[in-house]
Amino acid sequence: MGELKRSHFCNDLSAENVGEEVTLMGWVLRRRDHGGVIFIDLRDRWGITQVVFNPEVEKEVHAKAHDLRSEWVLAVKGRVERRPDDMENPNLKTGEIEVLVSELRILNTSQTPPFPLDEEMEVSDNLRLKYRYMDLRRPGMAANIITRHNATKAIRDYLNNNNFLEVETPILTKSTPEGARDYLVPSRVNAGRFFALPQSPQLFKQLLMVSGMDRYFQIVRCFRDEDLRADRQPEFTQVDMELSFIGEDDIYNVAEGMMSHLFKVTRGIDLDTPFARMTYDEAIDRFGTDRPDTRFGLELISLTDTVRNCGFQVFRTVVEKGGLVKSINAKKCAHFSRKDLDNLTEYVGQFGAKGLAWVKVKEEGEWQSPIAKFFTDEERADMSGVLQAEEGDLLFFVADQPAIVNQALAELRLELARRLSLVNKEVFNFIWVTDFPLLEYDHDEKRHTAVHHPFTAPKEEDLGLLDTDPGQVRSRAYDMVLNGSEIGGGSIRIHQKQLQSKVFNALGISNEEADEKFGFLLQALELGAPPHGGIAFGLDRLLMIICERESIRDVIAFPKTQKATCPLTDAPSSVARKQLTELYLRPDWE
RNA sequence: GGGGUCGUAGUUCAGUUUGGUUAGAACGCCGGCCUGUCACGCCGGAGGUCGCGAGUUCGAGUCUCGUCGGCCCCGCCA
């Protein structure tokens with residue numbers, strides 16, 4: 001760069017700077033060579049400035065500019081000039097001016113980029129990840145990274161102003177049963193032993209409460225060795241927090257305040273607080289899922305009682321076996337074609353539904369449907385009544401075991417909303433889902449497992465059920481749901497050893513195993529653990545919504561592919577045999 | 001572990017249904033011309049193991065099987 005020193009960024013200059021000598025540094029976005037005058041759009045993180053090379057002004061510099069190519073790195077010194085009349089570019093922040101270059105330094109050349117940095121062009125994910133540093137030059141991606149910075153800054157500011165301490169917790173930690181598969185790290189110093197990377201800092205943040213930190217938070221990487229999705233990476237970031245001497249309402253308050261600040265800073269949006277609340281049971285009942293998207297209707301309606309004694313054997317048998325019959329009334333959709341319906345039937349099939357019954361409501365409530373003949377006039381009228389069916393409506397039915405009915409119709413509801421364009425992207429519907437069950441039965445393992453995690457406190461009024469009917473115990477867990485996406489979850493924790501042991505027992509964890517795996521926590525609970533609780537937010541998912549992207553990969557600087565690999569570094573890779581033997585590992589796959 | 005979909009020039013894609021001469025387009029790239037463009041324009045040019053491997057066939061980008069990779073989903077995971 002010689003003696004050149006950058007004086008401005010590429011979005012700084014305006015008509016007010018006309019006449020000034022400035023020095024800009026950046027990348028060549030585009031070159032427009034007119035044989036005579038040459039225009040270069042110079043780009044940096046902040047913006048774009050047009051710089052001009054005129055042969056009548058600086059003949060040698062102009063000649064040098066002839067060689068410039070896309071993505072070369074330049075330093076240019078020159079005078080800010082107002083553009084001639086009618087030559088202003090309203091699409092550029094710096095469009096009023098241009099820099100007439102008197103001195104050009106080529107700081108670096110560049111090969112032709114492996115893909116165009118044009119925002120409009122779709123480029124395959126593999127290429128984008130292999131050359132991620134090029135991908136991140138694209139203004140849209142750069143904006144996401146900048147938004148991510150602004151988001152974490154806003155979160156830190158808010159929590160700092162509310163008496164929270166940011167405390168780091170170990171990345172090399174102990175493998176614990178329950179939950180997701182661990183990433184393991186072999187210990188060289190301790191033959192045959194392994195660290196695990198944390199699935200979350202759950203136990204450490206509880207210990208920080210025992211240590212009297214009172215209000216902790218951390219923006220922290222978490223690791224789960226499970227299969228990937230558009231919204232799931234093996235390493236992801238949580239906004240993790242824990243508070244002492246609090247109840248649910250205190251958590252809701254802090255979390256709502258933090259979200260309000262976050263959305264104000266990143267999107268300029270004022271959120272309505274407090275957020276709506278809904279129990280788990282109500283969410284399942286009305287939406288079939290514990291993370292309902294409440295931006296549109298199409299709610300699930302139960303017909304189980306209505307059809308209990310009906311003439312249609314399929315429905316009757318399902319109800320007799322403890323199943324459900326639920327329905328969605330797709331208003332004014334009776335025009336759906338047979339192909340549409342086959343299509344939707346296939347769609348719900350992947351969620352386990354063995355069929356999708358449908359009814360088109362015609363004049364005077366008449367049913368056009370393959371199943372119409374199985375019902376009496378009265379039964380059809382009863383069902384139409386419950387569903388508030390009107391001429392032109394399309395009714396869908398699924399009858400099966402509750403889990404299948406709810407999932408199939410929940411997914412059908414979302415698919416219908418997409419097809420009917422009912423989803424308003426400008427709306428941010430936050431809700432708290434509360435009163436989750438504490439335990440669910442795992443048919444493979446033949447025992448109960450924790451719905452949230454094993455440290456979640458049961459509701460006091462349900463404590464008696466822990467021995468008699470554990471599946472019916474409700475917990476003090478809560479999720480924050482935004483537009484159908486679970487963006488955070490937490491609970492009030494157990495802070496007394498006796499209750500914690502009891503829950504471990506309900507989970508089928510013996511006293512010995514509890515001591516071996518969680519002894520340190522149980523000990524801490526006996527040394528003055530305060531009542532406490534907390535919540536953790538998925539920062540990547542939040543940003544995906546804030547940045548209006550379809551994948552969390554777009555808000556992570558260096559994400560992994562669906563196979564959990566990194567095309568840029570080629571990780572994971574094989575290692576030297578010596579490294580393995582040092583770690584007391586003997587491969588048997590060769 | 002399973003289902004779907006894609007893989008052709010540097011990039012994005014057409015061509016695959018119905019196998020048949022030299023595999024096309026746009027953008028990009030290279031060269032030339034051009035003093036007011038901003039997705040500059042005009043003229044010319046180069047550029048392809050059709051992901052990889054087997055098979056069917058006189059002949060495969062096109063059909064079959066396998067395999068690798070990207071993406072989406074189920075299971076899994078909060």
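For clarity, every value in this text was computed on a predicted model and none was experimentally measured. Naming convention: chains lettered A, B, ... in sequence-line order (proteins, then strands); numbering from 1 in each chain.
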Exercise. A:D227 side chain: which of B:G70, B:A78, B:G1 is closest?
Worked result: B:G1
For this session: Go through B:C74, B:C38, B:C77 for me and flag the one nearest to the A:A180 side chain.
Result: B:C77
For this session: Give a yes or no on whether the backbone of A:L68 and the side-chain of A:R31 come within a donor-acceptor separation of less than 3.5 Å.
Result: yes
Problem set entry | Residue A:R69, side-chain atoms from C-beta onward, closest of B:G69, B:A78, B:G31 | B:G31
Problem set entry | Gap in Å between the two C1' atoms, one belonging to B:G24 and one to B:U8, rounded | 10 Å
For this session: Describe the nucleic acid contact of A:L127 in one word from base, sugar-phosphate, nothing, applying a heavy-atom distance below 4.0 Å.
Result: sugar-phosphate
Exercise. Which part of the nucleic acid, if any, lies within reach of A:D290 when heavy atoms closer than 4.0 Å are counted: base, sugar-phosphate only, or nothing?
Worked result: base
For this session: Measure the distance from CG on A:N54 to P on B:U37 and round it to the nearest whole Å.
Result: 14 Å
Exercise. Roughly how far apart, to the nearest Å, are B:C13 and B:G53 at atom C1'?
Worked result: 26 Å
Seminar exercise, completed: Whole-Å distance, A:D135 CG to B:G70 P, equals 16 Å
Problem set entry | pi-stack flag for A:H34 and B:C40, centroid dist under 5.5 Å, interplanar under 30° | yes
For this session: Identify which nucleotide among B:C38, B:U11, B:C72 has an atom closest to any side-chain atom of A:R83, counting heavy atoms from C-beta outward.
Result: B:C38
Problem set entry | G-U wobble or Watson-Crick pairing nucleotide for B:G41 (cut-off 3.5 Å, both distances) | B:C33
Exercise. Across the strands shown, which category fits A:T94 at heavy-atom distances under 4.0 angstrom: base, sugar-phosphate, nothing?
Worked result: nothing
For this session: Using the P atom on both, measure B:C27 against B:C43 and round to a whole Å.
Result: 12 Å
Exercise. Between A:Q202 and A:Q206, does any side-chain donor sit less than 3.5 Å from a side-chain acceptor?
Worked result: yes
For this session: Please find out if less than 6.0 Å separates the ring center of A:H66 from that of A:F53.
Result: no
Problem set entry | Among B:A39, B:U35, B:A78, the one nearest A:R30 by side-chain distance | B:A39
For this session: Among B:G70, B:C38, B:C76, find the nucleotide with the atom closest to the side chain of A:N89.
Result: B:C38
For this session: Please work out if A:Q562 contacts a base, only the sugar-phosphate, or nothing of the nucleic acid, heavy-atom cut-off 4.0 Å.
Result: base
Exercise. What nucleotide among B:U12, B:C77, B:C71 has an atom nearest to a side-chain atom of A:S124?
Worked result: B:U12
For this session: Answer yes or no: is there an ion pair linking A:R549 with A:D554, defined by an N-O contact shorter than 4.0 Å?
Result: yes
Exercise. Which one, B:C74, B:G69, B:C29, comes nearest to the side chain of A:T112?
Worked result: B:C29
Exercise. In terms of ring plane angle, is the pair A:H453 and A:F455 parallel, tilted or perpendicular, where the classes change at 30° and 60°?
Worked result: tilted
Problem set entry | Exercise: do A:N343 and A:E346 side chains pair donor with acceptor under 3.5 Å | no
Problem set entry | Base paired to B:C65 (Watson-Crick or G-U; both N/O distances under 3.5 angstrom) | B:G53
Exercise. For A:P84, which contact category applies under a 4.0 Å heavy-atom criterion: base, sugar-phosphate, or nothing?
Worked result: base
Exercise. Across the strands shown, which category fits A:E346 at heavy-atom distances under 4.0 angstrom: base, sugar-phosphate, nothing?
Worked result: nothing
Seminar exercise, completed: Across every strand shown, the nucleotide meeting Watson-Crick or G-U wobble geometry with B:U5 (both distances under 3.5 Å) is B:G70
Exercise. With distance as the sole test, does A:N406 use its side chain to make a donor-acceptor pair with the main-chain N or O of A:P402 at under 3.5 Å?
Worked result: yes
Problem set entry | Distance between P atoms of B:C77 and B:C68 (Å, rounded) | 26 Å
Exercise. How far does the C1' atom of B:G41 sit from the matching atom of B:U37, given to the nearest Å?
Worked result: 10 Å
Exercise. Stacking here means centres under 5.5 Å and planes under 30°; does A:F39 stack on B:U37?
Worked result: yes
For this session: Could you tell me whether A:R32 contacts a base, only the sugar-phosphate backbone, or nothing, with contacts defined as non-hydrogen atoms closer than 4.0 Å?
Result: base
Exercise. OP1 or OP2 of B:G70 less than 4.0 angstrom from a side-chain nitrogen or oxygen of A:R128, does that happen here?
Worked result: no
Exercise. Which value, in whole Å, describes the distance between the P atoms of nucleotides B:U62 and B:U57?
Worked result: 16 Å
Exercise. How far does the C1' atom of B:C76 sit from the matching atom of B:C52, given to the nearest Å?
Worked result: 31 Å
Problem set entry | Residue A:F436, side-chain atoms from C-beta onward, closest of B:U37, B:C73, B:A78 | B:A78
Problem set entry | Partner nucleotide, any strand, of B:G48 [Watson-Crick/G-U, under 3.5 Å] | none
Exercise. In terms of side-chain heavy atoms of A:M87, which of B:C38, B:C74, B:G69 is nearest?
Worked result: B:C38
